[in-house]
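Here the structure comes first, spelled out in structure tokens, and everything after it is commentary.
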Amino acid sequence: NINMHPQYAIEDRVDRLHFGATHHSEVLPVFSRIDYTEHSLVCDLVLNYSDNDGSPVEGGVDSISVGVGLEYFRFWGPDDQRILLGVTPVDDAHVDVFHTVWVSRELGGVVRTDHELASRIAMTRRDFLRDLSIWSHLQYTDVSADEPPEEYEIRRLRLWTRRFYI
């Protein structure tokens, strides 16, 4: 039972800036797709990672959100993992959050050890707990009318999510 509004989790889908502030990304992702349907949002991002020798490697995150409370993520490129996130309202100020991680045993033709898999899952969990800590301390603010591109997508998302609230 966490003190947060379910809206905060889904707003991360369109908040490019949170990757730098929360996940310490040196380069901000680029949206390759943002599509809204009646009940779902598809949001794909392209990210540049650094390989072990420091050379850039392209990767990304493809996500599908169903309503405000169910999200699926597929990471590709230098990583191969899936995340399922469920955010269920309990009352006006609290939610229950469910988070599941799947990591592929094989990556690029190389079989990962149990230790490597456990380390990757632990890193994903740390990132999730970082997000969760931020979400539980957020306060809702309107985006400005003279919005930069980042706020334009948040405004669009908020208009779309209104259909899920009574």
Side-chain angles (χ1 to χ4, degrees), residues 2 4-50 56-89 95-104 107-108 120-121 123-166:
I2 297 168
M4 69 173 255
H5 194 281
Q7 184 80 19
Y8 300 149
I10 195 171
E11 285 189 5
D12 264 6
R13 279 345 98 234
V14 298
D15 182 7
R16 291 176 345 112
L17 298 179
H18 105 273
F19 281 86
T22 306
H23 303 295
H24 311 294
S25 296
E26 294 177 17
V27 179
L28 293 179
V30 175
F31 292 117
S32 59
R33 175 179 173 192
I34 301 178
D35 290 331
Y36 294 92
T37 68
E38 185 176 355
H39 299 289
S40 65
L41 161 65
V42 176
C43 183
D44 300 340
L45 298 165
V46 176
L47 297 154
N48 285 314
Y49 298 91
S50 293
V57 177
E58 188 177 81
V61 182
D62 299 338
S63 67
I64 300 170
S65 301
V66 181
V68 176
L70 184 61
E71 300 181 67
Y72 167 81
F73 306 90
R74 179 183 76 92
F75 291 76
W76 58 272
D79 199 3
D80 182 17
Q81 71 177 357
R82 310 294 185 267
I83 296 175
L84 190 59
L85 176 65
V87 180
T88 305
V95 297
D96 282 337
V97 178
F98 304 91
H99 181 256
T100 301
V101 178
W102 175 86
V103 178
S104 177
L107 181 62
R120 185 64 190 108
I121 290 170
M123 187 175 92
T124 301
R125 181 142 176 83
R126 277 191 305 274
D127 281 351
F128 169 68
L129 292 173
R130 211 176 286 133
D131 276 333
L132 201 55
S133 175
I134 291 169
W135 297 339
S136 66
H137 291 91
L138 284 176
Q139 296 207 1
Y140 185 89
T141 57
D142 279 327
V143 291
S144 68
D146 301 323
E147 66 233 10
E150 290 78 18
E151 289 187 8
Y152 168 76
E153 286 304 334
I154 291 173
R155 181 180 297 280
R156 240 176 103 196
L157 177 83
R158 287 179 178 176
L159 287 171
W160 175 76
T161 59
R162 285 184 186 163
R163 72 189 70 218
F164 302 109
Y165 299 104
I166 298 175

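Bear in mind that the values here come from a model prediction, so they are computed numbers and not experimental data.
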Would Arg156 and Tyr36 count as having a side-chain donor-acceptor pair, cut-off 3.5 Å? no
Just how far is it from atom CD1 of Ile64 to atom OG of Ser40, taken to the nearest 0.5 Å? 7.5 Å
Can you find a heavy atom in the side chain of Asp15 that is under 4.5 Å from one in the side chain of Glu153? no
Separation of Leu70 CG from Phe98 CZ (nearest 0.5 Å): 11.5 Å
Just wondering, do Trp135 and His5 contact through their side chains at under 4.5 Å, heavy atoms? no
Where at least one partner belongs to residues 63-78, residue pairs that pass salt bridge (Lys or Arg N to Asp or Glu O under 4.0 Å), sequence neighbours excluded: Arg13-Glu71, Asp62-Arg74
Does the side chain of Phe31 come within less than 4.5 Å of Cys43's, by heavy atoms? yes
Taking it one step at a time, do Thr124 and Ile83 satisfy side chain to side chain contact (heavy atoms under 4.5 Å, CB included)? CA-CA 9 Å; Thr124 301; Ile83 296 175; 3.6 Å; yes
Side chains of His137 and Met4, heavy atoms from C-beta outward: is any pair under 4.5 Å? no
Name the atoms and distances for all side-chain donor-acceptor pairs under 3.5 Å in residues 127-134, with sequence neighbours left out.
{"from": "Asp127", "atom 1": "OD1", "to": "Arg130", "atom 2": "NH1", "distance (Å)": "2.9"}
{"from": "Arg130", "atom 1": "NH1", "to": "Thr22", "atom 2": "O", "distance (Å)": "3.3"}
{"from": "Asp131", "atom 1": "OD1", "to": "His23", "atom 2": "NE2", "distance (Å)": "3.4"}
{"from": "Asp131", "atom 1": "OD2", "to": "His23", "atom 2": "NE2", "distance (Å)": "3.4"}

Can you confirm whether Val61 sits close enough to Leu47 that some side-chain heavy atom of one is under 4.5 Å from a side-chain heavy atom of the other? yes
Going from CG on Leu138 to OH on Tyr8, what distance comes out if it is rounded to the nearest 0.5 angstrom? 6.0 Å
Contact summary for Pro6 and Pro89, nearest pair of heavy atoms: CG-CG, 4.0 Å
Derivation of the side chain to side chain contact (heavy atoms under 4.5 Å, CB included) call for Arg82 and Phe73: CA-CA 5 Å; Arg82 310 294 185 267; Phe73 306 90; over 6 Å; no
Using a 6.0 Å cut-off, check whether atom CZ of Arg125 has over 12 heavy atoms from anything other than its own residue. no
Mind checking whether Phe164 and Gln7 have side chains closer than 4.5 Å, heavy atoms only? no
Shortest non-hydrogen separation from Trp160 to Gly67 and the atoms involved: CH2-O, 3.8 Å
For the student: nearest non-hydrogen atoms of Gly77 and Leu107, plus distance: O-CD1, 4.4 Å
I need the Arg33 CZ to Ser63 OG distance, nearest 0.5 Å. 10.0 Å
May I ask you to check whether Gln81 and Ser104 show a side-chain donor-acceptor distance below 3.5 Å? no
What do the steps show when you test Leu157 against Ile10 for side chain to side chain contact (heavy atoms under 4.5 Å, CB included), and what is the final call? CA-CA 9 Å; Leu157 177 83; Ile10 195 171; 4.1 Å; yes
With Asp96 via salt bridge (charged side-chain N to carboxylate O under 4.0 Å, His left out) - residues at least two apart: none
Might you work through the side chain to side chain contact (heavy atoms under 4.5 Å, CB included) test for Thr88 and Val95, ending with a clear yes or no? CA-CA 5 Å; Thr88 305; Val95 297; 6.0 Å; no
